[in-house]
K.L.:
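Just dropping this structure here.
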Amino acid sequence: MENIRVRFAPSPTGALHIGGIRTALYNYLLAKKHGGTFILRIEDTDQSRYVPGAEEYIIEALRWCGLLPDEGPEFGGDYGPYRQSERKHLYAQYAEQLVANGHAYYAFDTAEALDAHRVQDKTFKYGAATRLRLTNSLTLPASEVQQRIANGEPWVIRLQVPDNELVVVPDLIRGEVTFRSKELDDKVMLKSDGMPTYHLANIVDDYLMRITHVIRGEEWLPSTGHHVLLYRYLGWEAAMPQFAHLPLILKPDGKGKLSKRDGARLGIPVFPLGWAGDTPEESFQGFREFGFLPQAMLNFLAFQGWNPGTEQEIFTIPELIEAFSLEKIGKSGARFDFEKAKWYNQQYVHTADAATLATFVRPLLETKGYHPEPAFLESFCTLLRERVTLLPEFWEKGAFFFTEPKEYDAKNVQKRWDATTRNLFEQLTDTLRAIADNQWSEPRVHQTVQEFMDQHELKPGALFPLLRIALAGSTQGPALFGMMELLGKSKTIARLDSALPRFDGFVA
RNA sequence: GGCCCGUUCGUCUAGGGGUUAGGACGCAGGAUUUUCAUUCCUGUAACACGGGUUCGAUUCCCGUACGGGCUACCA
């Protein structure tokens with residue numbers, strides 16, 4: 001394929017959810033696979049729905065994911081500006097061209113008047129069957145149309161959909177989708193505030209930006225009939241992009257597509273990044289805050305609706321680019337599967353190198369007030385990563401490396417703590433104390449403890465759980481000797497010493 | 001309601017006129033492990049229904065049911 005140009009075109013109406021990220025990802029993958037161009041375009045033609053910060057959020061989210069646009073606001077490019085509000089002056093001429101060619105008309109019906117029609121007739125549609133009895137340049141004398149416009153009366157331009165044609169939408173995922181034009185309404189192209197609607201702006205910009213493939217959610221399929229008509233009436237049919245309408249991501253339970261409310265309701269993230277709304281109810285944690293690695297989230301999302309046809313499931317971005325194709329995208333909606341998302345993250349955490357993990361874990365520790373040395377942090381990550389699924393678990397399972405445990409597993413101490421054990425414990429502590437500071441290491445500690453156990457004919461079960469509780473508060477945790485090495489000699493000994501009276505207290 | 005799209009294990013999916021319908025998540029059991037995890041093994045479970053077409057349909061066609069989307073001067 002030659003000169004592929006694709007765009008991700010979100011509206012800045014709030015946080016971008018996971019479905020949007022997946023759309024961006026598929027666009028990105030197709031572009032990169034063919035050496036094409038990935039464009040970000042902000043579709044902010046509806047001033048009433050504009051949310052401050054939403055555009056920044058979109059860009060930050062894309063950056064976090066590593067899905068950097070080749071062109072877009074803040075990214076440059078030869079086809080800008082990339083915000084529709086800054087392209088406002090471009091659209092009217094095309095709407096007027098449509099009128100001049102007899103494919104659109106001025107309409108004066110107010111929103112209230114149309115609402116009234118809809119109340120009266122649930123199936124009311126501004127279209128072929130009704131346009132001749134409404135207030136527009138098709139029914140009014142030309143002089144009156146001029147007069148009304150001159151008087152400053154509000155007007156819109158509507159597309160005049162043909163009465164009886166078959167409109168065929170070619171779609172790479174679904175084949176040909178056919179609409180009867182009489183079912184299509186006369187969509188508004190230019191609003192009374194002078195702004196274009198999505199339909200006009202989208203087609204004009206896709207044309208002007210030389211977009212070759214439109215990859216977007218399935219919710220756009222029903223209006224694509226209008227879009228095809230628009231390309232035709234504007235004389236751009238030869239340049240019409242190829243369409244690919246993606247299956248939607250559905251709620252994990254119940255009915256309907258995934259919505260931001262589902263996140264709060266089910267305690268799962270539906271946004272890449274957190275979003276601070278005006279109220280707690282409007283604020284959400286994202287995949288980032290839940291502790292996902294962006295690569296893992298992307299790998300997961302790639303598979304919600306797409307599959308390479310092989311049994312490989314873990315893909316780096318370059319591998320995804322290599323394997324991706326629109327033909328492999330499924331047709332049916334995919335239920336959001338958070339368990340699978342966590343599994344992906346676990347796979348990535350397990351195999352990530354320590355330095356990479358450290359960059360994600362450091363901020364976590366810093367919020368707790370700790371600023372570990374890089375080498376220590378990396379060892380920490382290496383020691384714990386096998387039992388971590390979500391990043392915050394590094395703290396939950398490893399806090400004792402930084403601070404004394406808050407709770408101790410008294411029950412398990414009570415089961416094992418008696419005079420004999422106490423004596424052995426004390427002796428072992430002294431044996432460990434005898435290791436030179438600069439000799440303190442996992443193998444050395446291991447060897448020392450092993451010899452001690454051999455000498456006293458002890459099984460691991462006799463002392464290990466108690467050592468764990470003394471050091472970490474719990475019988476669970478990473479490999480004991482690795483734990484001791486990382487903790488260091490002084491802390492290890494100090495905790496063993498202080499455990500003695502504490503354990504005595506548990507059985508008293 | 002109308003229009004459009006879809007339907008393989010609970011979930012994500014592979015497959016495709018003749019297969020023991022494959023994988024993954026989850027769940028259950030087992031092995032390894034000083035603990036907890038990890039890892040490994042085993043098991044669990046699906047072609048929505050009814051008609052065609054065909055020697056033969058899960059696969060093709062038509063209906064039905066169910067699910068989803070759209071139906072704004074929102075995108």
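Order of the sequence lines sets the chain letters (A, B, ...), proteins ahead of strands, with each chain counted from 1. Owing to the predicted nature of the structure, the values given are computational and were not obtained by experimental measurement.
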K.L.:
With rounding to whole Å, what would you report as the distance between rU59(B) and rC3(B) at their P atoms?
P.N.:
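Pairwise P distance, rU59(B) against rC3(B), rounds to 26 Å.
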
K.L.:
Kindly say whether the aromatic ring centers of F394(A) and F360(A) come within a distance under 6.0 Å.
P.N.:
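F394(A) vs F360(A): aromatic centres not under 6.0 Å.
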
K.L.:
More 5' along RNA chain B: Q347(A) or K122(A), using each one's nearest nucleotide?
P.N.:
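With Q347(A) and K122(A) compared, the 5'-side residue is K122(A).
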
K.L.:
Output the rounded distance in Å from CH2 (W343(A)) to C1' (rU13(B)).
P.N.:
13 Å

K.L.:
Give me the ring orientation class for F338(A) and F292(A): parallel if the planes are under 30° apart, tilted from 30 to 60°, perpendicular past 60°.
P.N.:
tilted

K.L.:
Counting only heavy atoms not in E407(A), do more than 12 sit closer than 6.0 Å to its CD atom?
P.N.:
no

K.L.:
Could you label the plane-to-plane angle of the F303(A) and W306(A) rings as parallel, tilted or perpendicular, counting under 30° as parallel and over 60° as perpendicular?
P.N.:
perpendicular

K.L.:
Please work out whether the ring planes of F425(A) and W417(A) are parallel, tilted or perpendicular, with thresholds of 30° and 60°.
P.N.:
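Ring orientation, 0 to 90° scale: perpendicular.
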
K.L.:
What nucleic acid atoms does H350(A) come within less than 4.0 Å of, heavy atoms only: base, sugar-phosphate, or nothing?
P.N.:
sugar-phosphate

K.L.:
Where does the angle between the aromatic ring planes of Y231(A) and F243(A) fall among parallel (under 30°), tilted (30 to 60°) and perpendicular (over 60°)?
P.N.:
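Aromatic pair Y231(A)/F243(A) classed perpendicular.
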
K.L.:
Take the protein atom CG of L480(A) and the nucleotide atom C1' of rA37(B), then report the distance between them rounded to whole Å.
P.N.:
15 Å

K.L.:
Rounded to whole angstroms, how far apart are CZ on R468(A) and C1' on rU34(B)?
P.N.:
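Those two atoms, CZ and C1', are 7 Å apart.
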
K.L.:
Specify whether H199(A) and H227(A) have parallel, tilted or perpendicular ring planes, treating 30° as the upper limit for parallel and 60° as the lower limit for perpendicular.
P.N.:
tilted

K.L.:
Indicate for each nucleotide in nucleotides 67-75 of chain B, in 5' to 3' sequence, whether protein heavy atoms under 4.0 Å reach the base (B), only the sugar-phosphate (S), or nothing (-).
P.N.:
SSBS-SBBB

K.L.:
Scan every strand shown for a Watson-Crick or G-U wobble partner of rU44(B), both distances under 3.5 Å, and answer none if you come up empty.
P.N.:
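Per the H-bond distance test, rG26(B).
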
K.L.:
Please give me every residue in residues 298-316 of chain A whose heavy atoms get under 4.0 Å of an atom in RNA chain B, ordered by residue number.
P.N.:
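Contacting residues: F303(A), Q304(A), G305(A), N307(A), G309(A), E311(A), E313(A).
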
K.L.:
Kindly write out the residues that satisfy side-chain hydrogen bond (donor to acceptor under 3.5 Å, both in side chains) with T382(A), not counting sequence neighbours, or none if the list is empty.
P.N.:
none

K.L.:
In whole angstrom, give the distance that lies between atom CG of L384(A) and atom P of rU35(B).
P.N.:
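To the nearest whole Å, that distance equals 18 Å.
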
K.L.:
Please determine if R158(A) forms a cation-pi arrangement with Y106(A), meaning its NZ or CZ atom is less than 6.0 Å from the six-membered ring centre and no more than 45° off the ring axis.
P.N.:
no

K.L.:
Sticking with atom P, work out how far rC47(B) lies from rA21(B), rounded to a whole angstrom.
P.N.:
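The same atom, P, in both gives a distance of 12 Å.
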
K.L.:
Can you tell me the distance, in whole Å, between the CZ atom of F394(A) and the C1' atom of rA37(B)?
P.N.:
13 Å

K.L.:
Going by the ring-ring contact (aromatic ring centres under 6.0 Å, His included) test, which pairs reach into residues 174-193 of chain A, not counting sequence neighbours?
P.N.:
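Sorted pair list comes back empty.
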
K.L.:
So G461(A), base contact, sugar-phosphate only, or nothing? Heavy-atom distance under 4.0 Å.
P.N.:
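G461(A): no heavy atom of the nucleic acid under 4.0 Å.
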
K.L.:
Describe the nucleic acid contact of F179(A) in one word from base, sugar-phosphate, nothing, applying a heavy-atom distance below 4.0 Å.
P.N.:
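It contacts sugar-phosphate atoms only.
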
K.L.:
Check every atom of rU34(B), rA37(B), rG23(B) against the side chain of K340(A) and return the nucleotide holding the closest atom.
P.N.:
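Nearest to the side-chain atoms of K340(A), counting from C-beta on, is rG23(B).
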
K.L.:
Paired with rC3(B): which nucleotide, if any, by Watson-Crick or G-U wobble criteria at under 3.5 Å for both distances?
P.N.:
rG69(B)

K.L.:
At under 4.0 Å between heavy atoms, what does K328(A) touch on the DNA or RNA strands: base, sugar-phosphate, or nothing?
P.N.:
sugar-phosphate

K.L.:
If the P atom of rG1(B) is compared with that of rU64(B), how far apart are they to the nearest Å?
P.N.:
13 Å

K.L.:
Could you give the CZ-to-P distance, from R174(A) to rC5(B), as a whole number of Å?
P.N.:
9 Å

K.L.:
Would you mind reading off the distance between E183(A) atom CD and rC3(B) atom C1', rounded to a whole angstrom?
P.N.:
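Roughly 6 Å, once rounded to whole Å.
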
K.L.:
Consider salt bridge (Lys or Arg N to Asp or Glu O under 4.0 Å). Of K182(A), R180(A), R131(A), which one does D163(A) pass it with?
P.N.:
R131(A)

K.L.:
Could you measure between the two C1' atoms, the one in rU11(B) and the one in rG67(B), and give it in whole Å?
P.N.:
15 Å

K.L.:
Does W220(A) have its ring centroid less than 6.0 Å away from the ring centroid of Y198(A)?
P.N.:
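They qualify: ring centres under 6.0 Å apart.
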
K.L.:
Among pairs that include at least one residue of residues 194-206 of chain A, which meet salt bridge (Lys or Arg N to Asp or Glu O under 4.0 Å), considering only residues two or more places apart or in two chains?
P.N.:
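Output for this query lists R7(A)-D206(A), R41(A)-D205(A), R41(A)-D206(A), R87(A)-D205(A).
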
K.L.:
Taking only N/O atoms, report every protein-nucleotides 46-50 of chain B pair under 3.5 Å with atom names and distance.
P.N.:
none

K.L.:
Determine the interatomic distance between P on rU13(B) and the same-named atom on rU7(B); round to the nearest Å.
P.N.:
11 Å

K.L.:
With rounding to the closest Å, how many angstrom separate the P atoms on rU58(B) and rA48(B)?
P.N.:
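It works out to 10 Å between them.
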
K.L.:
Once the angle between the rings of H446(A) and F481(A) is folded into 0 to 90°, is it parallel (under 30°), tilted (30 to 60°) or perpendicular (over 60°)?
P.N.:
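Parallel.
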
K.L.:
Say we look at rA45(B) and rC36(B): how far apart would their C1' atoms be, to the nearest angstrom?
P.N.:
30 Å

K.L.:
Take atom CD of E339(A) and atom P of rC9(B), then tell me their distance rounded to the nearest Å.
P.N.:
19 Å

K.L.:
Using the C1' atom in both, what is the distance from rC55(B) to rG63(B), to the nearest Å?
P.N.:
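Approximately 25 Å lies between the C1' atom of rC55(B) and that of rG63(B).
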
K.L.:
Using a heavy-atom cut-off of 4.0 Å across all strands, would you classify K331(A) as base, sugar-phosphate, or nothing?
P.N.:
sugar-phosphate

